[in-house]
J.: 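I have a structure here, written as structure tokens, and I will follow up with some questions on it.
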Amino acid sequence: MKILVPVKRVVDYNVKVRVKADQSGVELTNIKMSMNPFDEISIEEAIKLREAGVATEIIAVSIGVTQCQETLRTALAMGADRAILVETVADVQPLAVAKLLKAICEKESPQLVILGKQAIDDDSNQTGQMLAALLDWPQATFASKVTVTSGMAEVMREIDGGMETIEIKLPAIITTDLRLNTPRYATLPNIMKAKKKPLDVMTPETLGVDVTPRLKTLKVVEPPKRKGGVIVTDVAALIDKLKNEAKVI
Amino acid sequence: MAILVLAEHDNQQLKPGVTNAVAAAQKIGGEIHLLVAGSACSGAASAAAQVAGVAKILVADAPHYAGGSPENLAPLLVGIAKNYSHLLASASAYGKNVMPRVAALLDVAQISEIISVESPDTFVRPIYAGNAFATVQSTDAIKVITVRATGFDAVAATGGAAAIENIAVAADSGQSKILKQELTKSDRPELVAAKRIVSGGRGMGDGDKYRQVLEPLADKLGAALGASRAAVDAGFVPNDYQVGQTGKIVAPELYIAVGISGAIQHLAGMKDSKVIVAINKDPEAPIFQVADYGLVGDLFTLVPELTAAL
């Protein structure tokens with residue numbers, strides 16, 4: 001079976017973002033960009049399923065500017081078999097991403113789409129659930145363990161009070177949480193090989209999807225700064241502060 | 001137009017976060033209804049009816065609503081959505097699972113984890129792990145929203161007298177089935193609702209030391225226990241202890257961070273706490289930049305000393 005894995009190009013998780021002076025967004029010029037960490041986990045899980053003989057082909061998909069090809073090459077170097085870029089300079093919001101992915105699912109007929117639970121730029125946590133809705137497929141979000149057997153997936157999910165295990169019928173959507181696996185590094189020979197793997201480019205227009213944003217960003221500002229406090233000398237001083245100054249104990 | 005809030009519950013009681021979502025609904029303005037979908041959930045419906053400021057409780061009671069499956073809940077919400085201008089839920093694992101599915105079926109955007117209401121169509125939400133706040137305006141007819149509980153002071157859970165109305169249940173999708181739930185058993189308050197939190201990081205060394213050092217302090221304070229991602233990754237405590245960008249977002253009155261360095265993604269989950277105390281041996285640890293009170297030294301000496309002195 002085929003597994004589709006969408007990957008997003010985002011500001012690297014180690015970069016401390018800065019808000020632009022004109023409040024139009026955050027500074028992205030000359031900033032290190034990487035694959036969304038949750039998407040690396042998704043690629044790794046797909047590779048594991050192929051190694052286990054469950055999956056036969058892994059297709060990585062990205063949506064965005066030309067440079068998303070680099071993100072796709074990373075996915076290919078990790079082990080994806082081929083890649084698709086839906087190239088656009090538009091601000092593509094989760095609903096539009098889900099519609100584009102739906103169009104690709106209809107062409108490719110994967111049995112499983114594995115997505116990161118959220119992207120670390122907009123922190124939306126929507127796309128997987130939306131894609132599941134549009135395809136009328138079941139969803140297993142926030143996965144921390146995945147087992148695929150004939151026509152079914154058993155997924156352990158992280159929920160607020162602990163863990164939950166559900167069984168869903170394939171085809172299905174899985175979104176990955178942090179502790180599902182540890183993504184592998186791409187080795188140099190695999191990076192070289194990835195350059196020769198197929199990468200198709202299409203556009204929202206050829207897929208027949210309207211990506212017009214539904215949310216308008218009016219402004220982006222720095223959060224209020226928390227002012228640093230004081231270093232107290234000992235436990236007695238701390239208790240005194242908590243009792244008499246902060247009045248929280 | 002009225003506002004519908006999807007209420008998370010365990011069939012008997014409402015979960016923390018519902019009353020915060022109702023508070024957000026009040027800021028938007030309009031008649032507020034709560035949807036209680038569950039299995040044998042009359043207890044939760046009665047609890048919902050007492051929430052201050054709510055006009056009506058809609059109850060959908062059927063076995064297939066028991067686990068909060070999004071495949072079943074989303075069509076239920078979509079079926080009644082035309083009566084509402086806004087559909088809200090708390091941004092808990094439950095709300096995050098269901099609401100985007102509802103939004104997509106309605107062909108509208110979701111506005112995730114709002115922390116402020118500027119007007120009925122304009123909201124503020126954190127992006128980049130809370131390192132920037134975006135003000136966004138929705139152009140859709142129905143606004144589907146998840147509410148970050150720490151952004152809104154909860155309304156009173158009692159004092160209301162809403163009417164309870166049963167609504168038609170939709171068919172079971174049969175797409176998904178819960179095999180088991182393993183919930184962390186604890187007599188302590190729930191992390192997201194606790195007024196006081198004691199949280200441990202990699203500096204705790206291992207799970208045994210985490211428990212030996214932090215549990216007595218938490219017991220003394222009546223506090224919930226939390227952890228940094230590093231402590232969870234190292235296996236000191238279960239996953240649901242994690243506070244941070246991708247874990248739980250908390251804002252207690254008192255947050256005591258022990259042996260936590262203060263990575264950006266951890267700060268994203270706790271920096272709205274009213275008072276932050278940091279105990280760490282490294283005076284350069286970033287946690288001290290957000291802490292109101294810092295104590296530099298060996299946590300294995302300082303924490304027992306603090307516990308004994310309280």
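Residue numbering restarts at 1 for every chain, and letters A, B, ... go by the order of the sequence lines.
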J.: Taking Asp123(A) for its side chain and Ala129(B) for its backbone only, find out whether a donor-acceptor pair lies under 3.5 Å.
T.: yes
J.: Flag the one option from Val155(A), Ile120(A), Leu95(A) with the top tally of heavy-atom pairs under 4.5 Å to chain B.
T.: Leu95(A)
J.: Out of curiosity, Asn125(A) CG to Met99(B) CE, how far, rounded to the nearest 0.5 Å?
T.: 13.0 Å
J.: May I ask you to check whether over 12 heavy atoms, not counting those of Lys220(B), lie within 6.0 Å of atom NZ?
T.: yes
J.: Has Lys20(A) got more than 12 heavy atoms of other residues, nucleotides or ligands less than 6.0 Å from its NZ?
T.: yes
J.: Would you confirm whether Gln126(A), through its side chain, and Gln110(B), through its main-chain N or O, come within 3.5 Å as a donor-acceptor pair?
T.: yes
J.: Only pairs of heavy atoms separated by less than 4.5 Å count here; which of Leu179(B), Ile127(B), Val136(B) has the most with chain A?
T.: Leu179(B)
J.: Measuring heavy-atom distances to chain B, does Leu178(A) have an atom under 4.5 Å in its side chain, in its backbone, in both, or in neither?
T.: side chain
J.: Tell me, side chain or backbone of Lys243(A) under 4.5 Å from chain B's heavy atoms, or both, or neither?
T.: neither
J.: Which one wins on heavy-atom pair count under 4.5 Å against chain A: Val108(B), Ile111(B), Val296(B), Leu191(B)?
T.: Val108(B)
J.: With a 4.5 angstrom heavy-atom cut-off, could you sort out which part of Ala98(A) is near chain B: side chain, backbone, both or neither?
T.: neither
J.: Do you know which of Val290(B), Val192(B), Ile264(B) has the most heavy-atom pairs with chain A at a distance under 4.5 angstrom?
T.: Val290(B)
J.: Set out, in order, the CA-CA distance, both residues' side-chain angles and the distance that settles side-chain contact (heavy atoms from CB on, under 4.5 Å) for Glu190(B) and Asp160(A), then state yes or no.
T.: CA-CA 9 Å; Glu190(B) 280 198 56; Asp160(A) 285 339; 5.6 Å; no
J.: How far does CD1 of Ile239(A) sit from CG of Leu310(B), to the nearest 0.5 angstrom?
T.: 4.5 Å
J.: Can you tell me which portion of Lys274(B) sits under 4.5 Å from chain A's heavy atoms? Options are side chain, backbone, both or neither.
T.: both
J.: Does this structure show an ion pair linking Lys216(A) with Asp121(B), if we count only N-O contacts that are shorter than 4.0 Å?
T.: no
J.: Check for a donor-acceptor pair, side chain of Lys16(A) on one end and backbone N or O of Asn131(B) on the other, with a separation under 3.5 Å.
T.: no
J.: For Lys48(A), I'd like to know if atom NZ has over 12 heavy atoms of other residues, nucleotides or ligands within 6.0 Å.
T.: yes
J.: What residue in Gln245(B), Gln289(B), Lys271(B) has the most heavy-atom pairs under 4.5 Å with chain A?
T.: Gln245(B)
J.: Has Lys169(A) got a side-chain atom pairing as donor or acceptor with Gly174(B)'s backbone, closer than 3.5 angstrom?
T.: yes
J.: Pick one of side chain, backbone, both or neither for Val248(A), based on which atoms fall under 4.5 Å of a heavy atom in chain B.
T.: both
J.: Can you measure from CG (Asp121(A)) to OH (Tyr128(B)) and round to the nearest 0.5 angstrom?
T.: 4.5 Å
J.: Where on Lys248(B) is there a heavy atom nearer than 4.5 Å to chain A: the side chain, the backbone, both, or neither?
T.: side chain
J.: Checking heavy atoms, do the side chain of Pro223(A), its backbone, both or neither come under 4.5 Å from chain B?
T.: both
J.: Nearest 0.5 Å please: distance from the CD atom of Glu253(B) over to the CG atom of Leu242(A).
T.: 12.0 Å
J.: Would you mind checking which part of Leu221(B) comes under 4.5 Å of any heavy atom in chain A, side chain (CB onward), backbone (N, CA, C, O), both or neither?
T.: side chain
J.: Looking at Met130(A) and Ala103(B), what are the two nearest heavy atoms and their distance?
T.: CE-CB, 3.8 Å
J.: Of the backbone (N, CA, C, O) and the side chain (C-beta and beyond), which part of Ile249(A) lies under 4.5 Å from a heavy atom of chain B, both, or neither?
T.: both
J.: Output the option from Val98(B), Leu254(B), Thr146(B) having the highest count of non-hydrogen pairs under 4.5 Å with chain A.
T.: Leu254(B)
J.: For chain B, which of Leu215(A), Leu238(A), Asp177(A) has the most heavy-atom pairs under 4.5 Å?
T.: Leu215(A)
J.: Mind ranking Thr217(A), Leu134(A), Val230(A) by heavy-atom pairs under 4.5 Å with chain B and telling me who comes out on top?
T.: Val230(A)
J.: Without swapping roles, check the side chain of Glu158(A) against the backbone of Asp240(B) for a donor-acceptor pair under 3.5 Å.
T.: no
J.: Going by atom types only, do Tyr13(A) and Gln265(B) share a side-chain donor-acceptor pair under 3.5 Å?
T.: no
J.: Could you look at Thr122(B) and say if it's the side chain, the backbone, both or neither that has a heavy atom under 4.5 Å from chain A?
T.: side chain
J.: Could you tell me which portion of Gln118(A) (side chain, backbone, both or neither) has an atom closer than 4.5 angstrom to a non-hydrogen atom of chain B?
T.: side chain
J.: If you measure from the Lys or Arg side-chain nitrogens to the Asp or Glu carboxylate oxygens, is any gap between Arg125(B) and Asp122(A) under 4.0 Å?
T.: no
J.: Side chain, backbone, both or neither: which part of Ala309(B) has a non-hydrogen atom closer than 4.5 Å to chain A?
T.: both
J.: Of the options Leu183(B), Asn97(B), Asn239(B), which is the one that meets Ile159(A) in a side chain to side chain contact (heavy atoms under 4.5 Å, CB included)?
T.: Leu183(B)
J.: Under a 4.5 Å heavy-atom cutoff, which of Lys227(A), Gln93(A), Lys117(A), Glu222(A) has the most pairs with chain B?
T.: Lys117(A)
J.: Can you tell which part of Glu154(A) gets under 4.5 Å to a heavy atom of chain B, answering side chain, backbone, both or neither?
T.: side chain
J.: Contact part of Leu218(A) toward chain B, heavy-atom cut-off under 4.5 Å: side chain, backbone, both or neither?
T.: both
J.: Give, for atom CZ of Arg101(B) and atom CG of Asp136(A), the distance between the pair rounded to the nearest 0.5 Å.
T.: 6.5 Å
J.: Out of Ser173(B), Ala74(B), Pro238(B), Ser176(B), return the one with the most heavy atom pairs under 4.5 angstrom to chain A.
T.: Ser176(B)
J.: Quick one: what part of Val102(B) sits under 4.5 Å from any heavy atom of chain A, side chain, backbone, both or neither?
T.: neither
J.: Which atoms of Val26(A) come close to chain B, meaning under 4.5 Å heavy atom to heavy atom: side chain ones, backbone ones, both, or neither?
T.: side chain
J.: Under 4.5 Å between any side-chain heavy atoms of Arg226(A) and Leu267(B), yes or no?
T.: no
J.: Has the side chain of Gln129(A) got a donor or acceptor atom that lies under 3.5 Å from a matching backbone atom of Lys96(B)?
T.: yes
J.: Is Thr233(A) in contact with chain B via its backbone, its side chain, both, or neither, using a 4.5 Å heavy-atom distance?
T.: backbone
J.: In terms of heavy-atom pairs under 4.5 Å, which option from Ile168(A), Val10(A), Ile231(A), Thr175(A) contacts chain B the most?
T.: Ile231(A)
J.: Select one option (side chain, backbone, both, neither) describing which atoms of Leu302(B) are under 4.5 Å from chain A's heavy atoms.
T.: both
J.: For Arg214(A) and Asp140(B), indicate whether the former's side chain and the latter's backbone hold a donor-acceptor pair under 3.5 Å.
T.: no
J.: Report the option among Met163(A), Glu245(A), Met156(A), Met152(A) that has the most heavy-atom pairs separated by less than 4.5 Å from atoms of chain B.
T.: Met163(A)
J.: Need one label for Val11(A): side chain, backbone, both or neither, based on atoms under 4.5 Å from any heavy atom in chain B.
T.: side chain
J.: Contact part of Lys225(A) toward chain B, heavy-atom cut-off under 4.5 Å: side chain, backbone, both or neither?
T.: neither
J.: So for Arg157(A), is it side chain, backbone, both, or neither that comes closer than 4.5 Å to the heavy atoms of chain B?
T.: side chain
J.: Could you tell me which non-hydrogen atom of Ala132(B) sits nearest to which non-hydrogen atom of Val220(A), and how far apart they are?
T.: CB-CG1, 3.8 Å
